[in-house]
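The structure under discussion appears below in the form of structure tokens.
Nothing here was measured: the structure is a model prediction, and the numbers come from that model. Order of the sequence lines sets the chain letters (A, B, ...), proteins ahead of strands, with each chain counted from 1.
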Protein chains: 2
Amino acid sequence: MVSLKDIAQRCGVSTATVSKALNGQPDIGEETRSRILRIADELGYMANASARALKTKRSYNIGVLFVDPMHGGLAHEFFSTVLDSIRSEAEGHGYDITFINQGLGQREISYLQHCRYRGVDGVVIASVDFTDHMVTELVQSDLPVATIDHVFNDRIAVLSDNLKGMDALVRFVAAKGHRKIALIHGEDTSVTAGRLTGFHRACEELGIQIPDKWIRQGVFHDPKSCYAITRELLEGPERPTCIFFPDDYSCIGGLNAIHDAGLRVPADISAVGYDGIPLSRIVSPVLTTWRQDTEALGSLAAARLIEQIEHPRTAILDRVIVEGRLQEGGSVRQIC
Amino acid sequence: MVSLKDIAQRCGVSTATVSKALNGQPDIGEETRSRILRIADELGYMANASARALKTKRSYNIGVLFVDPMHGGLAHEFFSTVLDSIRSEAEGHGYDITFINQGLGQREISYLQHCRYRGVDGVVIASVDFTDHMVTELVQSDLPVATIDHVFNDRIAVLSDNLKGMDALVRFVAAKGHRKIALIHGEDTSVTAGRLTGFHRACEELGIQIPDKWIRQGVFHDPKSCYAITRELLEGPERPTCIFFPDDYSCIGGLNAIHDAGLRVPADISAVGYDGIPLSRIVSPVLTTWRQDTEALGSLAAARLIEQIEHPRTAILDRVIVEGRLQEGGSVRQIC
DNA sequence: CTAATAAACTTAAACGATTAAGCGGAGGCG
DNA sequence: CGCCTCCGCTTAATCGTTTAAGTTTATTAG
């Protein structure tokens, strides 16, 4: 491969000069600079990221940690759209991304170790379980970190407003006349906590009483678990008229349960998802759901992280809240 | 960060000794080795990937190039499941993966340049358009390359058997009594070519005549385009009884078109997808589709690529065909 | 007893880039 | 004229690892 040395030789200058010319340093003559640039281009020169990283301690690589204990993680549209927006934001700033895993080859290593090994400049974390010991180790390290949908002290957090989203959904279905609402929520995380608060608050303000047996814990992104719970909800002596699901993906499982019970959506039962992933718009009926701005979630996390990496002193390490909006699909009907 | 030097100091040996001890070289005494290993562990030593890559010219990084001109690429379950299996196979061998893009920061660079910059040891390519100039540049370079669903000479190719898949699907619906079959296929790629061949051959062998107007070009992973084409197909004087779609994702668009035309699946029209992504199983009715082994597609591509990287002389650069199987969903009905 | 061999290290160069410090010459100033 | 400044470049060290070649000491063979 062609290196600085080759260019230096061809131009009759030192490698230092070439390096500075290419990096736009001021102490290089205009004539020399343009000659170097021309030759570099001619030879098809491309810097060596490893050498640069070794010397400067900046890899222009950001780590992405997606932990979803149940499934692959990437396989879900929510994660993959967030990932894609992280990727494209990072790319715009000259960064590549590296997936952080535990274990490299046969050796078991922690997330932090993996980050150190690759010398990533920072990490974006989206996880279901932020209490995981290895995740907290990472958050407590000196690496720049941005979390998605979870808050740590003195760390960048990008959040979607779960409380508001749930509040809006409850008000929406209530306005449609629903009072018998069941809620299947995800695992016990801060996301779930926010949604539960929003749900209960809205119900209370609207004077809606929800029996405990209608508040059920399911699993995020798991149509199967929601299928089972939905079947149970439909078997009770009194049936809810509307069911909330932890996300659009598992909502589909719920829809199937409803169909399999011989009922129709929304004629017999209304269904509400969460996330607003593309899938929610291509199914029929289109889901009534809270559309999270996954694009913003990912790109803001990346942008803020890069801001911290590049301007550590002036960067503000607080939370950013991303707006969402209600997607009024056809899965909720007006009753009475 | 703790480096070889620190360990060397603490152990009273040279860095060379430490390096060799950690890498399992034979010319290190047992006692010294275990002392070094212990100290390294105590100090939490982690090698520096950049330094190692710089010296050895091996980054333990493989590039992944997904080009989907229409959409994000990652956002589709087919790609994301393939990606995930590449990732986990690579991880098992001690490799990380890097997305290859054109452009880094403001600068426009080719895929190959990006690969050189990051010093990836090889690339897995999955693309809709393998005739893209930058893709061929990459394939013609000296970098180890494995392609998914496309064959280049003297290159590893991992393919799913599109001809066989299509053949099986045609025979399946024919056995159910369908003779009026419409086919919406994807862009003009080798995947499409294989499927068309399979389709025509099976039809011919079964003595089924398909009018040209029922063979339509759509767009992969684009429910919208399939929606439009489906509407057109339904408007004709004679309606097909079964429609084949380029993939499960866009099949959903077709289902909606059918519903919106006041028809039901499979009662009035049968529908066939392709891929067999998780989505195809959670919709209702479950799609009749050809289930590609995306898991195998990704992990074989990665495994074969790594084989070539690690044993360049003995590696066999040919094609591997991955089996699929028919998923008999409920979207095709028995007629007559 | 000497010489060859083996074992267990060390030395030192190299990978490709960056960057602080130095240096020669031109021009300006008093 | 002598001194200072500034420009434009070079020198040389350094980042953390690897590895070919060399060195020391002990062991074995002849």
Thinking salt bridges, do [X] and [Y] make one under a 4.0 Å N-O criterion?
| X | Y | result |
| --- | --- | --- |
| D41(A) | R10(A) | no |
| R33(B) | E30(B) | yes |
| R38(A) | E42(A) | yes |
| R87(A) | E91(A) | yes |

Check: How would you give the extent of chain A contacts on DNA chain D, as first and last nucleotide 5' to 3' within a 4.0 Å heavy-atom cut-off?
Finding: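 Nucleotide range with atoms under 4.0 Å of chain A: dG8(D) to dG16(D).
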Check: How about F79(A) and H221(A): are their ring centres within less than 6.0 Å of each other?
Finding: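 Ring centroids of F79(A) and H221(A) are less than 6.0 Å from each other.
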Check: For the pair made of CD in E30(B) and P in dA8(C), what is the distance, rounded to whole Å?
Finding: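 These atoms are roughly 9 Å apart.
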Note to self: As a quick check of understanding, evaluate side chain to side chain contact (heavy atoms under 4.5 Å, CB included) for Y95(A) and I309(A), giving each step before the final call.
What the structure shows: CA-CA 11 Å; Y95(A) 288 74; I309(A) 291 169; 3.7 Å; yes
Notebook entry, point to check: Is the backbone N or O of Q25(B) less than 3.5 Å from a side-chain atom of N23(B), with the two atoms forming a donor-acceptor pair by type?
Noted result: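 No: the side chain of N23(B) does not pair with the backbone of Q25(B).
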Check: Which letter, B, S or -, goes with each nucleotide of nucleotides 10-17 of chain C from 5' to 3', with contact meaning a protein heavy atom under 4.0 Å?
Finding: BB--BBBB
Check: Should the heavy atoms of other residues, nucleotides or ligands under 6.0 Å from CZ of R155(A) be counted, would the total exceed 12?
Finding: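 Yes - once you tally the heavy atoms of other residues, nucleotides and ligands closer than 6.0 Å, there are more than 12.
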